[in-house]
Amino acid sequence: MATKYDKTIASEIINQFGAKPEMLVQVLHAFVQRYSFISEEAIRQIANELNLSNAEVHGVVSFYHDFRTIAPGQHVVKICQAESCQAMGSRQLTAHAERTLGISLHGTTVDGQVTLEPVYCLGNCACSPAVMIDETVYGRVSPDKLDALIEDCGGSR
Amino acid sequence: MSQSVTVYVPRETAAVSMGAQGVAEKISALGDVRIVRNGSWGMSWLEPLIEIDVNGQRIGYGPVTADDVDSLFAAGFLQGGDHALKLGPVADVPYLKNQERWTFRRCGLIDPLSVDDYRANGGFNGLETALNKGPEFVLDQIKASGLRGRGGAGFPTGIKWQTVADAAGEQKYITCNADEGDSGTFSDRILMESDPFTLIEGIIIAGFAVGASKGYVYLRSEYPLARRVFAEALSIAKNCGWLGNRIQGSGFDFDIDLHLGAGSYVCGEETAMLESLEGKAGLIRYKPPLPAIEGLFGKPTVVNNVVTLGSVPDIIALGAEAYASFGVGRSKGTLAFQLAGNIKQGGLVEKAFGLTLRELITDFGGGTASGRKIRAVQIGGPLGAYFADEHLDTPLDYEAFAKVGGMIGHGGIVVFDDTVDMAEQARFAMEFCAIESCGKCTPCRIGSVRGVEVIDRILANEDREENLNLLSELCDTMVDGSLCAMGGMTPFPVRSAVKYFPEDFKR
Ligand SMILES: Cc1cc2nc3c(=O)[nH]c(=O)nc-3n(C[C@H](O)[C@H](O)[C@H](O)COP(=O)(O)O)c2cc1C
Ligand code: SF4
Ligand code: FES
């Protein structure tokens with residue numbers, strides 16, 4: 001859940017990882033966990049406390065799909081786009097989600113409830129198509145099942 | 001007083017994704033039972049597969065939903081009563097019975113977080129043997145076993161370890177590649193969720209053999225449950241003296257850290273993984289130097305896949321010969337194949353090398369989930385070739401597969417029925433390369449983007465012949481000029497699609 005940025009707490013997080021530059025990827029994960037995205041302010045503070053340049057931290061943030069730089073919706077719905085799920089209709093499932101939510105992949109609904117993202121394999125390929133909502137993975141997700149899951153987590157339709 | 005019955009309900013991603021949590025909650029609300037959250041046997045199509053211990057025999061029911069629980073109680077399932085979902089003794093289910101389990105032999109059987117269960121089933125015997133007999137013995141056994149890397153490239157593990165053992169320097173590292181990015185693969189995940197101590201034991205043995213005191217596990221972030229289970233297993237192992245200083249009173253110290261990936265496919269490549277472990281963007285490194293000589297933080301480093309390392313403890317405990325008695329030719333031992341995509345009975349099948357693809361897909365997999373004809377099968381992940389029906393009788397071993405232009409890779413098998421559009425699949429292969437390219441070299445970074453455009457033109461029927469030639473040349477450039485297999489092998493799925501399914505490129 002998103003929390004307001006706080007320099008002291010941010011510093012504590014960085015120090016949990018020993019304030020070591022080689023822990024940058026792990027530090028960024030911890031920031032996303034707490035603040036749901038990586039803000040400019042966070043980049044500056046991380047760079048400063050890990051003795052890196054802003055550009056270095058920017059480079060790492062932009063390389064990895066997990067490190068968003070804008071706030072996502074209340075819930076993040078990731079639909080697997082990789083081959084096994086394609087073989088079981090993930091393209092149709094994605095199109096359905098885009099239609100019912102009125103957004104495309106990487107978009108967020110106007111009410112800020114749901115962000116839709118692609119993911120390339122959740123390791124649930126024997127139960128394709130697979131979807132992850134926040135930290136929970138679901139298998140054999142039909143369009144109806146997806147609608148119900150999104151409704152359950154309070155997402156708009 | 002009779003003791004309460006033990007009910008096993010898996011805590012494993014596939015099972016949980018199909019509702020195992022709700023099943024566990026409902027059973028414990030309705031009955032006086034002891035619930036054990038085991039891992040998975042790998043029969044994912046039967047998940048959630050729950051089991052009852054009836055006089056020492058494990059009787060299975062599945063796939064069970066929370067809605068089935070009332071009727072299971074009514075049928076007396078706690079005593080093994082009959083029910084439409086009853087599978088009988090789990091060990092006798094043909095899918096499982098017909099496997100040769102080595103690395104995955106404890107998966108499903110035990111409580112993944114119980115050291116007692118692990119010990120009672122031969123766990124840590126390999127490490128004890130190693131500590132008694134010394135590093136030379138371990139290196140010799142691994143070489144003699146013929147074990148090859150299960151992450152993709154199939155490199156002999158013993159030679160890799162020997163190189164690191166012989167490298168100069170005090171500080172060396174073991175890194176475990178748990179990035180498991182290939183679509184259609186989940187064997188690393190199943191092992192880490194169902195029997196994590198096996199991986200921990202394998203890593204420690206590797207460290208002991210090469211003279212390393214520190215290990216890192218690089219786990220993909222898309223595996224939140226594996227992360228929780230494995231992190232718990234690490235702290236339990238530390239508390240029990242199987243990890244940390246003076247392991248089991250020996251003079252050997254070893255520690256393991258768990259690091260998360262961040263949604264990058266290319267970080268599964270070993271040098272990109274090392275960069276990521278150093279906190280950087282996952283750019284591929286030039287080779288040489290090999291990681292075995294200059295790896296993590298410039299130190300000699302073993303990089304091995306989860307299944308490679310997970311196969312080690314029993315090789316040491318039971319002997320190299322026992323392992324090498326499985327398999328054919330230069331493909332020794334077992335491989336955990338993973339059946340995925342449009343398949344009726346998807347899951348993990350650990351078999352000795354040498355069976356055919358058709359045996360796997362029909363005998364184990366039961367054909368397509370849709371009931372339609374199989375049209376294409378992709379083997380070895382997104383960089384693996386697509387095959388048509390005529391190839392399904394190829395035996396599954398590294399060399400036989402290389403001969404037909406394929407690679408077994410991490411053992412993932414993705415089945416497509418006759419509704420698949422192979423031009424769309426070829427386009428996706430290029431698109432995926434464009435999304436995941438690390439950007440270090442032009443043939444991959446630019447070539448993949450051009451590839452998508454060229455395929456789009458072919459599909460739009462613009463100068464089709466000319467554009468097909470262009471696609472072929474582009475593939476040549478990528479194969480010849482790319483620094484790593486991301487750009488260098490993306491042409492495999494593309495070319496095989498064009499070659500075996502030409503009709504899909506004409507419309
Ligand atoms: C683009 C790319 C992605 C890869 N992804 C993985 C992976 O997810 N897991 C893995 O074990 N190996 C992966 N590999 C192979 C590794 O580079 C390396 O060969 C392997 O980890 C070595 O371990 P092994 O000898 O035990 O197989 C990948 C290679 C490439 C080129
Ligand atoms: S082939 Fe692609 S992923 Fe590999 S080094 Fe070149 S740009 Fe990076
Ligand atoms: S391909 Fe979708 S979960 Fe693996």
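First the proteins, then the strands, lettered A, B, ... as listed; each starts at 1.
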Could you list every donor-acceptor pair linking chain A to chain B (distance under 3.5 Å, backbone and side chains)?
residue	atom	partner	partner atom	Å
A:Glu22	O	B:Gly279	N	3.3
A:Gln26	OE1	B:Leu260	N	3.0
A:Gln26	NE2	B:His259	ND1	3.4
A:Gln26	NE2	B:Leu260	O	3.1
A:His29	NE2	B:Gly261	O	2.5
A:Tyr64	OH	B:Ser276	OG	2.8
A:Tyr64	OH	B:Lys280	O	2.6
A:Tyr64	OH	B:Gly282	N	3.4
A:His65	N	B:Ala262	O	3.4
A:His65	NE2	B:Glu436	OE2	2.9
A:Asp66	N	B:Ala262	O	3.1
A:Asp66	OD2	B:Ser221	OG	2.5
A:Glu83	N	B:Ser183	OG	3.3
A:Ser84	N	B:Ser183	OG	2.9
A:Ser84	OG	B:Gly341	N	2.8
A:Gln86	OE1	B:Gln425	NE2	2.7
A:Arg91	NE	B:Glu424	OE2	3.4
A:Arg91	NH1	B:Gln425	OE1	3.0
A:Arg91	NH2	B:Gln425	OE1	3.0
A:Tyr120	O	B:Arg220	NH2	3.1
A:Cys121	O	B:Arg220	NH2	2.9
A:Gly123	O	B:Arg189	NE	2.9
A:Gly123	O	B:Arg189	NH2	3.0
A:Asn124	ND2	B:Ser17	OG	2.9
A:Gly139	N	B:Ser17	O	3.1
A:Gly139	N	B:Ser17	OG	3.4

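Taking every heavy atom of both residues into account, A:Ala87 and B:Gly341 meet most closely at CB-CA, 4.0 Å. B:Gly184 and A:Cys121 make their closest contact through N-SG, 4.3 Å (heavy atoms, listed as atom of the first residue, atom of the second, distance). For B:Phe428 against A:Ala82, the heavy-atom pair with the smallest separation is CZ-CA, 4.3 Å.
For the set B:Gly439, B:Gly381, B:Gly19, B:Gly261, the entry with the most heavy-atom pairs within less than 4.5 Å of chain A is B:Gly261. Of the residues considered (A:Pro129, A:Gly59, A:Cys127), A:Cys127 shows the highest number of contacts with chain B, using heavy-atom pairs under 4.5 Å. Comparing B:Gly263, B:Gly346, B:Ala226 by heavy-atom pairs within less than 4.5 Å of chain A, the highest count is held by B:Gly263. Contact count versus chain B (heavy atoms, under 4.5 Å) is highest, among A:Leu50, A:Leu24, A:Val25, for A:Val25. For the set B:Ala376, B:Pro493, B:Gly282, the entry with the most heavy-atom pairs within less than 4.5 Å of chain A is B:Gly282.
Other residues, nucleotides and ligands place no more than 12 heavy atoms under 6.0 Å from the CD1 atom of A:Ile70.
Heavy-atom distances place the backbone of B:Leu339, and not its side chain, under 4.5 Å from chain A. In this structure, chain A has a heavy atom under 4.5 Å from the side chain of B:Val266, while its backbone stays farther away. Contact annotation for A:Val119: only side-chain heavy atoms (C-beta onward) come within less than 4.5 Å of a heavy atom of chain B. Neither the backbone nor the side chain of B:Ile413 has a heavy atom closer than 4.5 Å to any heavy atom of chain A. Residue contact with chain A, scored on non-hydrogen atoms closer than 4.5 Å, involves the backbone and the side chain of B:Cys438 alike. When heavy atoms are compared at a cutoff of 4.5 Å, B:Ala369 approaches chain A solely by way of its side chain, counted from C-beta outward.
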